[in-house]
Amino acid sequence: MAAMAGETDSVFEHFEVLKSCEKPAVLVLGGTKFMGKAFVGEMLGKARICVVNRGKTYWAADPFADQVARVRADRDDGAEFAQRLAEATRRLGGAWDCVVDFSGFSGNDVEASLKGLGGAFKLYVYISSDSIYEVSSWAYEKWKPRRSVHGSYEMSVCEHSGARPENKEQQDFLNNSDSYGHEKLQGEERLVQGLPAGRRCLVLRLPDVIGPFDSTHRLWAYWHWLRAGEVGAPPPQVQSYKRKRQMFDSEGLEIAQAAGDCQLAVVYSSDVAKFLASFILQPPNDKSIDVINLCCDEQLQLSEFLERLFVAAGGDRKRPRLAPDKNPKLYLPSVDRPWPLSCERAKKEYGFQATPLDDVLAACVDFFEDSCVKFPEEAKKAALKLPSEAAAYALKLLE
């Protein structure tokens with residue numbers, strides 16, 4: 001395929017870095033912010049990297065400069081996106097060892113990628129979300145405990161829990177309730193359906209991701225709110241401690257008491273980057289298709305999580321000021337499930353070791369403190385996520 005008419009060097013840049021090297025060729029869809037940035041940083045020097053994105057710069061100047069090849073493309077135009085992937089593959093002169101898809105949010109996104117690649121890849125990694133479980137048959141059952149094949153009750157969300165209900169009306173109800181989870185699961189489904197023979201795919205289902213350069217500013221907002229709450233602002237809101245969830249079996253007998261406030265699953269962006277790097281550089285050969293949850297070992301209620309963040313930020317006592325509320329203003333978690341996310345398969349089958357939560361929070365706090373100076377506008381954006389009175393206190397502390 002020849003280069004498209006009107007194409008300029010601003011669309012395909014620095015492809016010389018992909019030539020004459022024995023290192024694996026990795027195509028990154030996304031790669032300019034947060035997880036994608038962490039992954040590219042982890043892989044520099046270990047692979048030949050090409051990033052495909054809209055060419056926008058976030059936070060500061062692009063840290064990778066001419067160390068990676070670049071393709072400018074917008075996934076909102078699926079046909080053009082596919083054409084540009086095809087041209088990038090032609091310029092590579094062979095198959096990509098791995099495609100890592102950080103920016104695919106729907107089945108159409110994945111279809112366009114597969115069309116453009118034309119089978120010229122060995123492994124496709126799709127970054128999905130634990131929100132897909134919100135459109136599962138278990139979610140429709142309102143998370144009532146299920147009996148496992150061993151006879152005990154399932155009380156964690158494993159990879160096999162992601163199947164949609166068979167009933168179309170039930171599917172539509174869930175899809176309308178959580179369009180993000182529906183579209184992410186649709187992306188998984190299209191990838192599996194369209195995977196060419198002899199190719200492999202890995203799906204990572206991630207909970208709320210935390211770490212440096214998170215443009216959602218959710219955890220940073222909580223850091224601001226904790227600080228503001230200590231100097232007189234209304235403190236962070238958490239779910240009322242009186243909330244209860246009762247679980248019953250098919251005969252109406254109570255069999256389990258889930259936590260009133262759901263357990264917050266998070267994963268560290270650096271852990272995701274390192275897991276992917278290890279998987280790509282030393283790929284296991286026993287599965288053509290696999291799905292994996294990744295998360296930190298500790299999954300706490302939000303009030304406990306904020307206590308740990310408060311301590312990491314140098315709080316002078318064990319507990320910060322918090323305001324229990326029946327309908328709290330929340331930034332985390334993104335889902336409201338009674339059961340924790342299971343990471344057992346990642347640990348047992350792939351040797352995944354999550355960074356301890358306290359270390360993750362300490363790294364995040366260091367980033368927040370430094371970024372109040374380095375990225376003052378981003379610090380203000382995070383503070384402005386708060387309710388107005390708390391935001392005013394938080395902005396005052398930035399002066």
K.L.:
Identify the residue among Arg321, Arg317, Arg319 that makes a salt bridge (charged side-chain N to carboxylate O under 4.0 Å, His left out) with Glu230.
P.N.:
Arg317
K.L.:
Between Glu87 and Arg84, is there a side-chain N and carboxylate O pair less than 4.0 Å apart?
P.N.:
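Answer for the salt bridge query: no.
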K.L.:
If hydrophobic clusters are built from ILVMFWY residues whose side chains come within less than 4.5 Å, do Val157 and Tyr140 share one?
P.N.:
yes
K.L.:
Using a strict cut-off of less than 4.0 Å between a Lys/Arg side-chain nitrogen and an Asp/Glu carboxylate oxygen, indicate whether Glu349 and Lys287 qualify as a salt bridge.
P.N.:
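Answer for the salt bridge query: yes.
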K.L.:
Do Gln237 and Leu330 make a side-chain contact, defined as non-hydrogen atoms from C-beta onward lying under 4.5 Å apart?
P.N.:
no
K.L.:
Show every donor-acceptor pair shorter than 3.5 Å between a side-chain atom in residues 391-399 and any protein atom, with sequence neighbours excluded, or say none if there are none.
P.N.:
residue	atom	partner	partner atom	Å
Lys396	NZ	Glu399	OE1	3.3

K.L.:
Would Phe64 and Ile49 count as a side chain to side chain contact (heavy atoms under 4.5 Å, CB included) here? Give the steps.
P.N.:
CA-CA 10 Å; Phe64 309 123; Ile49 302 172; over 6 Å; no
K.L.:
Look at the rings of Phe213 and Trp59 and say which category their plane angle falls in: under 30° parallel, 30 to 60° tilted, over 60° perpendicular.
P.N.:
perpendicular
K.L.:
Donor-acceptor pairs under 3.5 Å, side chain of residues 114-126 to any protein atom, not counting sequence neighbours: which ones?
P.N.:
residue	atom	partner	partner atom	Å
Lys122	NZ	Asp97	OD1	3.1
Tyr124	OH	Asp101	OD2	2.6
Tyr126	OH	Gly104	O	3.2

K.L.:
Salt-bridge test for Glu141 and Lys144: reply yes if a basic N is under 4.0 Å from a carboxylate O, no otherwise.
P.N.:
no
K.L.:
Can you name the one residue among Phe368, Phe310, Tyr331 that meets ring-ring contact (aromatic ring centres under 6.0 Å, His included) with Tyr222?
P.N.:
Tyr331
K.L.:
Working to the nearest 0.5 angstrom, can you tell me the gap between Leu264 CG and Cys295 SG?
P.N.:
10.5 Å
K.L.:
Does the distance from a Lys or Arg side-chain N to an Asp or Glu carboxylate O, for Asp214 and Lys33, drop under 4.0 Å?
P.N.:
no
K.L.:
Can you name the residues that form a salt bridge (charged side-chain N to carboxylate O under 4.0 Å, His left out) with Arg218, not counting sequence neighbours?
P.N.:
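Residues passing salt bridge (charged side-chain N to carboxylate O under 4.0 Å, His left out) with Arg218: Asp208.
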K.L.:
Check this for me: does any side-chain nitrogen of one of Glu16 and Lys19 sit under 4.0 Å from a carboxylate oxygen of the other?
P.N.:
no
K.L.:
Return the orientation label for the Phe105 and Tyr180 ring planes: parallel under 30°, perpendicular over 60°, tilted otherwise.
P.N.:
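If you compare the ring of Phe105 with that of Tyr180, the planes turn out tilted.
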K.L.:
Under the ring-ring contact (aromatic ring centres under 6.0 Å, His included) criterion, do Trp339 and Trp143 qualify, and how do the steps go?
P.N.:
CA-CA 8 Å; Trp339 310 118; Trp143 302 106; 8.7 Å; no
K.L.:
Would you mind telling me which of Gln186, Glu189, Gln171 makes a side chain to side chain donor-acceptor pair (under 3.5 Å) with Arg164?
P.N.:
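Exactly one candidate clears the test, Glu189.
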K.L.:
So for atom OH, which belongs to Tyr58, do other residues, nucleotides or ligands contribute more than 12 heavy atoms lying within a distance under 6.0 Å?
P.N.:
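Above 12, so yes.
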K.L.:
Going from OH on Tyr133 to CG on Leu174, what distance comes out if it is rounded to the nearest 0.5 angstrom?
P.N.:
15.0 Å
K.L.:
Are the side chains of Pro284 and Arg200 in contact, using a 4.5 Å heavy-atom criterion?
P.N.:
yes
K.L.:
Determine, for Lys184 against Glu188, whether the closest basic-nitrogen to carboxylate-oxygen distance falls under 4.0 angstrom.
P.N.:
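Glu188 and Lys184: not salt-bridged.
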K.L.:
Can you classify the ring geometry of Phe375 versus Phe367 as parallel (below 30°), tilted (30 to 60°) or perpendicular (above 60°)?
P.N.:
tilted
K.L.:
Report whether Val267 and Leu276 are members of the same hydrophobic cluster (ILVMFWY, side-chain heavy atoms less than 4.5 Å apart, transitive linking).
P.N.:
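Shared cluster, yes.
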K.L.:
Does Gln353, at its CD atom, have more than 12 non-hydrogen atoms belonging to other residues, nucleotides or ligands within less than 6.0 Å?
P.N.:
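No, the 6.0 Å shell around CD holds no more than 12 heavy atoms from other groups.
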K.L.:
Linking I/L/V/M/F/W/Y whenever their side-chain heavy atoms sit closer than 4.5 Å, directly or via other members, would Leu300 and Val311 fall into one cluster?
P.N.:
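Different clusters.
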K.L.:
Mark yes or no for whether Gln239, through its side chain, and Lys326, through its backbone, hold a donor-acceptor pair below 3.5 Å.
P.N.:
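Pair found, side chain donor or acceptor close to backbone of Lys326.
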K.L.:
Counting only heavy atoms not in Lys374, do more than 12 fall under 6.0 Å of its NZ?
P.N.:
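Open: at most 12 neighbouring heavy atoms sit under 6.0 Å from NZ of Lys374.
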K.L.:
If the plane angle is over 60° it's perpendicular, under 30° parallel, otherwise tilted; pick one for Trp220 and Trp223.
P.N.:
tilted
K.L.:
So, does His160 use its side chain to make a donor-acceptor pair with the main chain of Cys158 at under 3.5 Å?
P.N.:
no
K.L.:
Treating Ile, Leu, Val, Met, Phe, Trp and Tyr as nodes and any side-chain heavy-atom pair under 4.5 angstrom as an edge, say whether Leu29 and Leu206 lie in one connected cluster.
P.N.:
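No.
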